[in-house]
Q: 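Please read through the structure below; I'll follow up with questions.
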Amino acid sequence: MTDLSTYRAKSGAFIPVWTLEIQTLPEDTDRLLDAVMKVYALSYGRYERNASISALGRETAQPMEGSTTTTHVAGFQAGATETYPMVELKISIPRDISILERVMDALHYAHHYEEPVIFLREDWASRAAYDPERADNPNRWWANGKGLPDRLD
């Protein structure tokens, strides 16, 4: 992977992070984020509890004999296909093993599956060189006349 530790632009820098992409039910995203927040603040610049949640999709699998599904769902036939609603919850953390261990333990405990689908990637995250009082950039939400977008519940 490219080393961006010497990257310097007026706009800011990049820092090394791990990105975790967690497949989960749409209604479970807040519970997972709350669990992670107990062990790491999910900081991104001057903000905490940062995450992205994809649009609704689907996940599919064929549970094998001896799986939790065949054990707990009466009459489920091993090898039959099941499909459920799913979103991808993405968070980033520093490349620090102790933080990763705490976050993974929190996710595994809070997730509804015994074998959650979680991908871990080495990434670089941008950090802006900004001043929140600066209003000379007409594209910023506080200076563009539009303000923030409507919040979602």
Side-chain angles (χ1 to χ4, degrees), residues 1-2 4 7 11-130 132 137 139-144 146-153:
M1 177 167 278
T2 302
L4 296 174
Y7 171 89
S11 58
F14 283 93
I15 63 166
V17 298
W18 280 320
T19 300
L20 286 91
E21 183 176 275
I22 305 113
Q23 294 179 6
T24 190
L25 293 170
E27 61 269 20
D28 286 356
T29 56
D30 283 328
R31 184 163 46 88
L32 292 175
L33 287 171
D34 291 344
V36 170
M37 287 292 292
K38 291 177 183 173
V39 299
Y40 182 72
L42 293 174
S43 301
Y44 198 96
R46 298 176 187 167
Y47 297 86
E48 292 184 345
R49 201 179 191 271
N50 282 274
S52 71
I53 303 166
S54 71
L56 183 63
R58 300 184 321 171
E59 65 179 341
T60 186
Q62 293 179 334
M64 299 171 9
E65 191 63 47
S67 67
T68 303
T69 302
T70 60
T71 302
H72 293 284
V73 178
F76 189 87
Q77 184 78 3
T81 300
E82 57 182 6
T83 303
Y84 299 103
M86 178 270 302
V87 294
E88 292 173 342
L89 172 64
K90 292 181 189 174
I91 59 175
S92 65
I93 61 172
R95 291 188 199 169
D96 179 311
I97 290 292
S98 66
I99 293 172
L100 178 62
E101 290 168 346
R102 292 191 313 268
V103 167
M104 286 300 294
D105 285 346
L107 287 169
H108 272 268
Y109 181 78
H111 202 283
H112 68 286
Y113 284 155
E114 81 281 4
E115 185 68 51
V117 178
I118 301 173
F119 295 96
L120 176 68
R121 286 192 313 268
E122 288 185 342
D123 285 322
W124 292 83
S126 65
R127 292 299 185 264
Y130 72 94
N137 185 329
N139 297 303
R140 301 295 180 248
W141 66 263
W142 62 88
N144 67 11
K146 298 181 213 171
L148 287 169
D150 293 337
R151 288 194 177 123
L152 301 174
D153 290 331

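The structure displayed is predicted, hence computed values, not measured ones.
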Q: One pair to check against side chain to side chain contact (heavy atoms under 4.5 Å, CB included): Val39 and Ile99. What are the steps and the verdict?
A: CA-CA 8 Å; Val39 299; Ile99 293 172; over 6 Å; no
Q: How far does CG of Leu89 sit from CD1 of Ile53, to the nearest 0.5 angstrom?
A: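 That separation rounds to 5.5 Å.
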Q: Quick one: pull up CG in Leu42 and CZ in Arg49 and give me the separation to the nearest 0.5 Å.
A: 8.5 Å
Q: Check residues 73-84 and write down every donor-acceptor pair under 3.5 Å in which the side-chain atom is one partner and the other belongs to a residue at least two apart or another chain.
A:
residue : atom : partner : partner atom : Å
Thr81   : OG1  : Gln62   : NE2          : 2.8
Glu82   : OE1  : Tyr84   : OH           : 2.8
Thr83   : OG1  : Thr60   : OG1          : 3.2

Q: At what distance, to the nearest 0.5 angstrom, does CD of Glu21 lie from CG of Asp123?
A: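 That separation rounds to 10.0 Å.
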Q: Just how far is it from atom CG of Leu32 to atom CD1 of Ile22, taken to the nearest 0.5 Å?
A: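 Rounded to the nearest 0.5 Å, the CG-CD1 separation comes to 7.0 Å.
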Q: Tell me the closest heavy-atom pair linking Ser43 and Glu48, and the distance in Å.
A: OG-CG, 3.9 Å
Q: Leu20 and side-chain contact (heavy atoms from CB on, under 4.5 Å): which single residue from Met104, Lys90, Arg121 fits?
A: Met104
Q: Begin from the C-alpha positions of Val87 and Thr24 and carry the test side chain to side chain contact (heavy atoms under 4.5 Å, CB included) through to its verdict.
A: CA-CA 6 Å; Val87 294; Thr24 190; 4.0 Å; yes
Q: List for me each residue that meets side-chain hydrogen bond (donor to acceptor under 3.5 Å, both in side chains) alongside Tyr44, sequence neighbours excluded, and say none if there are none.
A: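 Per chain and number, Tyr44 pairs via side-chain hydrogen bond (donor to acceptor under 3.5 Å, both in side chains) with Ser126.
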Q: Has the side chain of Asn144 got a donor or acceptor atom that lies under 3.5 Å from a matching backbone atom of Gly147?
A: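 Between the backbone of Gly147 and the side chain of Asn144 there is a qualifying donor-acceptor contact (under 3.5 Å).
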Q: So do the side chains of Leu120 and Leu100 get within less than 4.5 Å of each other, counting heavy atoms only?
A: yes
Q: Output a table of donor-acceptor pairs, distance under 3.5 Å, between side-chain atoms of residues 108-115 and any protein atom two or more places apart or on a different chain; print 'none' if there are none.
A:
residue : atom : partner : partner atom : Å
His111  : ND1  : Tyr113  : N            : 3.0
His111  : NE2  : Gln23   : O            : 2.8
His112  : ND1  : Asp28   : OD2          : 3.4
Tyr113  : OH   : Glu59   : OE2          : 2.6
Glu114  : OE1  : Thr68   : OG1          : 3.3
Glu114  : OE2  : Thr68   : OG1          : 3.1

Q: Is there a donor-acceptor pair under 3.5 Å between the side chain of Ser67 and the backbone N or O of Pro63?
A: no
Q: Within the distance-only criterion (no hydrogens, no angle test), does the side chain of Asp30 pair as donor or acceptor with the backbone N or O of Glu27 below 3.5 angstrom?
A: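 It does not hold such a pair.
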Q: Do Val17 and Pro94 come close enough that some side-chain heavy atom pair is under 4.5 Å?
A: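 Not touching, per the 4.5 Å side-chain cut-off.
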Q: Rounded at 0.5 Å granularity, tell me how far CG in Leu107 sits from CD1 in Ile118.
A: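 Nearest 0.5 Å value for the CG-CD1 distance: 5.0 Å.
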Q: Atom CD1 in Ile93, atom CH2 in Trp18: separation rounded to 0.5 Å?
A: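 Result: 6.5 Å between the selected atoms.
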Q: Are any side-chain N or O atoms of Arg95 and backbone N or O atoms of Pro16, one a donor and one an acceptor, separated by less than 3.5 Å?
A: no
